[in-house]
Amino acid sequence: MDIPYTVQPRPDTGVYNAKVGMWLFLASEVMLFGGLFSAYILLRVAAPEGTWPHGWLSIPLGTLNTLILALSAVTVLLAWAACKARMFDRYKFFQGITLLLGVIFLGIKGYEYHDKLTHYTVVLKDGRIADGHWVSATPSEVVLKGEFVAERSELADRRGRAKAHEEIRLARDQVQKMQVYGPAYNTYLALYFTMTGLHGLHVLGGLVVFAFLWGPGSRLWKTDPDRFTNRVEVAGLFWHFVDLVWIFLFPVLYLT
Amino acid sequence: MQATSPAIPASTHHPAHHPETGFWRTYIFSTDHKVIGIQYGITALCFLFFGFLLMLMMRWQIAHPGEPVPIVGPLLAAVLGDVAARGVMSPDLYNSFGAMHGTIMVFLGVVPLAVGAYGNYLVPLQIGANDMAFPRLNMMSYQLYFLGGIVMLTSFFIPGGAAQAGWTSYSPLATAIPTDGQTFWLIGMVFLITSSLLGSVNLITTIIQLRAPGLTWMRLPFFVWAQFTASFLLLLAFPPLETAGILQLMDKLAGTSFFLPTGLAIGGKLADISGGGSPLLWQHLFWFLAHPEVYVLILPAMGIIGEIIANNTRKPLWGYKSLVFSVLMIGFISFLVWAHHMYLTGMGTRISAFFQTTTMIISIPSVIILTALLISLWGGSIRFNTPMLFALAFLPMFGIGGLTGLPLGFSASDIHLHDTYYVIGHFHYVVAPGTIFALFAGIYYWFPKITGRRMNEYWGKVHFWGSLLFMNLIFMPMFVQGLAGMLRRMSDGGLQYSAAKVPGVAGALSGPILGLNNFILWAAAGLAIAQIPFIINFFWSIAKGQPVRSDNPWEATTLEWQTPTPPPHGNFLKPPQVYRGPYEYSLPGYDKDYVPQNQPPG
Amino acid sequence: MNQLMERFLGLPPLASEHGQGVNDLISYLHWLMIILFVGWLCYFGFVLWRFNRRRNAKADPVGVRNHASSYLEIVVAGVEASLLLFVAIPLWAQRVDQFPSQDESTVLHIAAQQFAWNARYAGADGEFGRQDRALVSNDNVFGIDPADPKSRDDVQVLNEIHVPVNKPVIAYVTSKDVIHSLKIPAMRVTQDATPGLRVPIWFKPVKEGRYQIYCAQLCGNGHASMAQGFLVVESQEAYDRWLASKVGAATSFE
Ligand code: HEA
Ligand code: HEA
Ligand code: CUA
Ligand SMILES: [Cu+2]
């Protein structure tokens, strides 16, 4: 009992099963991220004047990640083309590069997360506000590297502001509230972590599939190269979608 | 060319064709769409029954607030503890049961039965395929569904119990309730959503790719069209709810404020949150799913009704093309009406005019479908067997449910009816004597194909008349209560609003209106009793029902009847070739009054 | 005709000016529904009798040959469209766009909380104190700025909301905790009370009396017992006397 059109396209529809399946799945993914982007728009439009953060993320790092994903989109395509051309070594090479690029992307993302999760705003009992990166802490004292501001609203727009490096020592008993730049900090960071987190999970998922196709899964090449090529193509479709989402995330979170 | 292998009694026909796999691979971890369909079916029926039991307890509480629930009261007290002290349902427990009744009925009962079971079992057979396009994915869909169900059931037993904020889970309430029920609900939903997504990808791919040669789009049985559209709704409407679920989970676990506005003071002090969120955002995301979702509940039902009516009137469905077109229209427009659930959140004229208009537009294809089905009866030679009785009753019952949707669809009349029992009456008429009747009809109709035996006709008719009577006795009084102003989700059945409590108040609930609660309780008990013949009949007939003498006992035209009974792994003895449309009944010039789709011309 | 239908449907007593419009729309729709349903039911009964297998052994594969049903569908669509254009949309526009002027109306703020209704009146100076969502707390449900002198004479009450008869009422509805819904069936008014939003509604009570306020949105385990709210419609004099007796209640409730 064989299911038809698993490898060869069905003549009247012109596609094989897995490709239809992947397109459908991607349609649902569009709706998933569509929901997220609608939430973003609604919350941003509703935010009171002057409270939406700008310049909180590193544009150079974001640009670098954009380039990395763009490059990986090319290598994925080349890997598939190599399969089509029946050049297995070439496939291995490009698929390997894609894997590597994906891992670097996640590494950079991880570094950015780490930067946010070690960044604090501290409200002191005397009303002053300190903002900076965590250096060390003892039971009686917290040390940050950063600056003092008079109003929280000064923190909203960081575009074109030099990074402050002053070391700040804060006595614990003076601290009224200490907030990390995590999802609970404000709506912007909540969106940032949720959207890039979900995107990151998609990247990770894609990498797991690529790793499989690059390693143990590539044995299929010997027995059924056509089927293997299809798998590479379908995984590539997914990867292109993940890249596309990033192309939207980057301007929305980093640039505007 | 008829499938002709003589019917083999189920007892001698079990996995003999399939000796290489053991019990586990055949029945539990099977990738055969038929086995998976049956797994879906049995699980979903159990959930339906469970959802009904929850509601029976709630109906007791509504009619007799503060009195211990009879029979199961001590059990509730023992298992659930404080929320059911002395066997009395507390408001918290009532709210949990209400939320879980809605969730279970919709997401664990009807959708898995209508799409998971019927779609899985029948669609490949009706399109002449040997299985679904992705059998292993299919198995995974079922397992995810099962896991989601386990998570939901577990949540009853955690401290504080299951989710309490209604099946709609509006924030901030859903986030503010301090227990973990909502977290379980959200995690369970993520499993169920993923399961539905995989299932619908599978079903749509199957329909696009695996149709038998000659089976063009316009030769597809109406049922397949209905499943096709319903699957698209699942595919595209569920992801926004998944988004919403993820955001609410973040609110609950990571302390974000997606749905929590600035200045929220719950339980005495200002909540320690960043604020800036929007409660309406949740409602938009939820209803963007939940409106298409209600059409997921009704479309497969309409599909089943179409098949059974064509077969038992012995004539083609009237207006096949307009039926197909209407189903597609419904599917498309259902994405544009969601905010008719939100008229009273504070909506301007233009937006409300838009949603009122789309709501009226979407009622037109429903009217066309119902009209076509009704007109199909004209000129038929109608056989009144049990499946047909349920199918016929569906028409006026859906009619009542659909028509009562109209006053809700206008924002001005919704002012008075919103959140009253009128709404409860409206949608139960479409889902209970509507969809559930269609599902019953389908069980009686396809039972012989699945088991090789018929269900008992006499007890089937008892089940039918009992269900029809009691369904109406339950839901008709709800319109009366709703018009009088009685609200839904009242854990005391509206007692606090009773006119007897505070004399001289206009607009409170009168004695007779509250008295209907007791009437409905007994009607619900009657409905429960009317299900007993069905449950016994169902299990008894699997083993002892009258064996069918042919593979095609109803003399039907569609492909599922042109297979051996029950269909073996791989379904068809030889790949079918289709020559004609789905409902060629009573055509002049043939000796029999039906011509199967795979019978060559001439 | 419509009175007949109202009686048949058992609509609750009516005490607001626009409420008749709501009743009329409900009545028109039920006429349409009943006519359609009864008509089809007669057809249905006839067909089941006439085309029973015993009476009609051989089916006619074509069945109905005319297009009567299409005309029927067009008529239904036409009725729906005219109700929409000429009744429903104007009625709604009047509710949400065409507010009476503040000077000629009783203006009040309503804030729901688990599980009660708070109402605030401007007091003698006719002006409300400054409000800020960030100031909302358990004993300051409206988020009143205590520093604002205008807030001193504001009047705040719990559950008993008085308004004068025959004068439009404008109410700004919000909530301090979860979503509630302000429903006064006799006024044919329903408005969700959503935290973070403040939505204005208006109606004109035309009959004196004491009217039940319902909370129509599930708001927690006390939802069913959030039933202590009443709207008291009384003569202008009685209302003035009542308001004067409350002056200076400041921010916390009584
Ligand atoms: C299967 C489910 C289903 C279906 C098919 C429908 C169909 C429709 N629904 Fe319903 N609806 C729900 C399930 C469904 N609904 C649920 C679950 C809710 C509540 C959710 C919640 O709040 O918890 C709801 C709530 C709901 C509301 C919100 C009410 C409120 O909260 O205030 C509205 C408002 O517009 C509405 C409108 C409609 C309309 C206009 C249709 C139309 O599509 C109907 C069109 C059909 C017809 C017009 C019938 C045609 C009949 C004939 C031609 C006569 C036939 C006669 C004989 C055979 C005798 N529905
Ligand atoms: C598909 C959806 C569906 C279905 C079928 C039902 C079916 C029923 N519902 Fe429910 N209901 C909802 C969806 C549904 N409901 C939703 C979404 C809500 C809103 C929840 C909320 O407020 O958040 C609701 C709310 C709701 C309320 C309002 C509660 C309140 O507001 O406080 C009431 C009150 O009477 C009610 C009653 C019933 C009854 C009596 C049935 C009966 O018709 C039940 C009939 C069931 C059967 C007849 C079982 C058949 C199965 C078998 C016999 C099993 C056989 C098993 C084997 C063979 C293995 N429902
Ligand atoms: Cu307040 Cu319900
Ligand atoms: Cu809807």
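We name chains A, B, ... by the order of the sequence lines, and we start the count at 1 in each one.
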Chain C contact via B/Phe259 - which portion, at a heavy-atom distance below 4.5 Å: neither
Heavy-atom distances under 4.5 Å only: say whether B/Thr404 touches chain C with side chain, backbone, both or neither. both
Under a 4.5 Å heavy-atom cut-off, does chain C meet the side chain of B/Asn95, its backbone, both or neither? side chain
Checking B/Leu370 against C/Trp40 for the side-chain contact (heavy atoms from CB on, under 4.5 Å) test, could you report, in this order, the C-alpha distance in whole Å, the side-chain angles of both residues, the deciding distance, and whether it holds? CA-CA 10 Å; B/Leu370 216 68; C/Trp40 275 116; over 6 Å; no
Does any backbone or side-chain atom of C/Val189 lie under 4.5 Å from a heavy atom of chain B? Answer side chain, backbone, both or neither. backbone
Any C/Met33 side-chain heavy atom under 4.5 Å of B/Pro407 side chain: yes
Salt bridge (Lys or Arg N to Asp or Glu O under 4.0 Å) contacts touching residues 7-23 of chain C (sequence neighbours left out): C/Glu17-C/Lys204
Under 4.5 Å to a heavy atom of chain C? For B/Ser171 that would be backbone
Looking at B/Ile375, B/Leu377, B/Thr313, B/Leu374, which hits side chain to side chain contact (heavy atoms under 4.5 Å, CB included) with C/Val47? B/Leu377
Could you tell me which portion of B/Leu93 (side chain, backbone, both or neither) has an atom closer than 4.5 angstrom to a non-hydrogen atom of chain C? neither
So, the part of B/Leu487 with a heavy atom under 4.5 Å from chain C: the answer is side chain
Please state whether the side chain, the backbone, both or neither of B/Pro172 comes within less than 4.5 Å of a heavy atom of chain C. both
Which answer fits B/Tyr583, side chain, backbone, both or neither, if we ask what part of it has an atom under 4.5 Å from a heavy atom of chain C? neither
